[in-house]
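Have a look at the structure below, then the notes.
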2 protein chains.
Amino acid sequence: MNESLQTQRKEQILDAALHVLVQNGYEQARMDDVVQSSNLSKGAIYWYYKSKKEMYLDLVNFWVKRYSVILNHIVEEEASPSRQLKDLFQFFIDQYETDPQPFAALTEFWSMAQKDDEFNTKLQKVYTHFLELIEDIIQRGVQSGEFKKLDIRMTALSIMVNIESINWFTLFDTHGVSVKEYMQTITDFILAGILKKH
Amino acid sequence: MNESLQTQRKEQILDAALHVLVQNGYEQARMDDVVQSSNLSKGAIYWYYKSKKEMYLDLVNFWVKRYSVILNHIVEEEASPSRQLKDLFQFFIDQYETDPQPFAALTEFWSMAQKDDEFNTKLQKVYTHFLELIEDIIQRGVQSGEFKKLDIRMTALSIMVNIESINWFTLFDTHGVSVKEYMQTITDFILAGILKKH
DNA sequence: TAATCTAAACCGACTGGTCGGTCGAGTTTA
DNA sequence: TAAACTCGACCGACCAGTCGGTTTAGATTA
């Protein structure tokens, strides 16, 4: 009935699920931990999700939706391709600084994608869409003459991989290099490589 | 006693362990699967390793040792820093084409490093050492004037991350882009960015 | 407007299958 | 002859998912 209660409850569950996932990994993520962390009961969680896997697949959805809104907004605005690329990087820097948890979860999602077809298919779609979004920007940059004549697919792939590599910072000590300065350096470096000089 | 038998047996076990790890991930890697895949018995495996975890920690050692030999050789040879960087990239391309399994295992090792302190410490050391190796190359390139004046740590980190990103190709469809062409493009791109122009 | 009803939402003790690891009694190998 | 195994039964901890029961909020009735 109450639509917003359902949404709120699911968010409550997925919040806990993310937390547990980052700390313990998928296989060691105990439903009882999610129960505890969500302040709900086992029955409540199984009321909303029919299985652990379904819950975690929905966690992917949740974050994809959340990010898509802003990503699409960046592409659709009127700024120059180079500006859009900068905004893209800046968005991820901001997100990381606000809450690095989703980035820490990436490792687990990749691991899941390796073993499980459903997770693989889901993430494949996410990344394909993300790639197309970056390709669009590059494409327009090349056409407008702002960028060099690049292999669009390759360039987009490289940019995506470099953005995703932000997750490195959740895993290991990077000897004093902060995400912010690292990502900003990378941004400049990539832009220097693809902008046409005159 | 027989040193080489022990080494051979461990290799036999670790071979199977890697195989099972890539297919199922650490938590779902069944000791019984390793038994099957190694053509040994459970008793034999527990004769060499006291636990599953110890076995997989040794799997890291095994590959680190194997790679270290060649990596150190690249740094110690007399070639120019830019040549050394190229060799470094080429080495990983070759390794991937010979056998991508160890790269597929990276995802799992990262996942393990996130949850488990022992794995984290071990991998942290590996990557610190790798970073220092790259830093050495950059350092010499800057000093000889071959490279621009770069932030050495940052550049090395970026190079390492880009090399490790080879593992992306074990996870997702990259829309027709092959590891070889991707890595070669990245190599050229990075070199173009750090070489001094005249 | 209080009493009654109903279904969605929620609770938590319990279970059944799984899997690292053990063990003991034997067999092969160098 | 001791180290290096094999074989297979076994155990005990562990945990996803179940299920019978309870609460809650809003609609219906009287």
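Numbers restart at 1 for each chain; the letters A, B, ... are given by sequence-line order, proteins then strands.
- The closest side-chain heavy-atom distance from Y49(A) to D58(A) is below 4.5 Å.
- One distance of note links CG of L133(A) with OG1 of T128(A); it measures 12.5 Å at 0.5 Å rounding.
- Here dT18(D) presents its C1' atom at 13 Å from CG of D32(A), a figure rounded to the nearest Å.
- Using a 4.0 Å cut-off between a side-chain N of Lys or Arg and a carboxylate O of Asp or Glu, E11(A) and R66(A) qualify as a salt bridge.
- Of the candidates dG21(C), dC10(C), dG17(D), dG21(C) carries the atom nearest the K52(B) side chain, counting heavy atoms from C-beta on.
- In terms of heavy-atom proximity, A17(B) sits nearest to Y56(B) at O-OH, 2.9 Å.
- For residues 134-165 of chain A, no pair satisfies ring-ring contact (aromatic ring centres under 6.0 Å, His included), with sequence neighbours left out.
- With contacts defined as side-chain heavy-atom distances shorter than 4.5 Å, the pair I138(A)/R153(A) does not qualify.
- The pair R140(A)-D136(A) fails the salt-bridge criterion, with no side-chain N (NZ, NE, NH1 or NH2) lying under 4.0 Å from an Asp/Glu carboxylate O.
- Donor-acceptor pairing under 3.5 Å is recorded for the side chains of D94(A) and Q90(A).
- With rounding to whole Å, N24(A) atom CG is found 11 Å from dA16(D) atom P.
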Shorter than 3.5 Å, N or O on both sides, protein versus nucleotides 26-29 of chain C: list them out with atom names.
none

Between the protein and nucleotides 11-13 of chain C, are there any N/O to N/O pairs under 3.5 Å, and if so, what are the atom names and distances?
unit_1  : atom_1 : unit_2 : atom_2 : d
dC11(C) : OP2    : S41(A) : N      : 2.6
dC11(C) : OP2    : S41(A) : OG     : 2.5
dC11(C) : O5'    : S41(A) : OG     : 3.1
dG12(C) : O6     : G43(A) : N      : 3.4

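- Atoms NZ (K50(A)) and P (dC19(D)) sit 16 Å apart, rounded to a whole Å.
- No donor-acceptor pair under 3.5 Å is formed between the side chain of S158(B) and the backbone N or O of M154(B).
- One can place CD of Q8(A) at 15 Å from C1' of dA25(D), the figure rounded to the nearest angstrom.
- Y46(A) has no side-chain polar atom (N or O) that falls below the 4.0 Å cut-off from OP1 or OP2 of dC10(C).
- Between M31(B) atom CE and dC7(D) atom P the separation is 17 Å, expressed in whole Å.
- Of the side-chain N and O atoms in R30(B), none sit less than 4.0 angstrom from OP1 or OP2 of dT18(C).
- In this structure, CG of L5(A) is placed 19 Å from P of dA7(C), rounded to the nearest angstrom.
- Between Q6(A) and dA9(C) there is a side-chain polar atom (N or O) within less than 4.0 angstrom of OP1 or OP2.
- What separates CZ of R9(B) from C1' of dT6(D) is a distance of 11 Å, to the nearest Å.
- For the pair Y49(B) OH and dG21(C) C1', the interatomic distance rounds to 17 Å; values are reported in whole Å.
- For dC10(C), neither phosphate oxygen OP1 nor OP2 lies less than 4.0 angstrom from any side-chain nitrogen or oxygen of W47(A).
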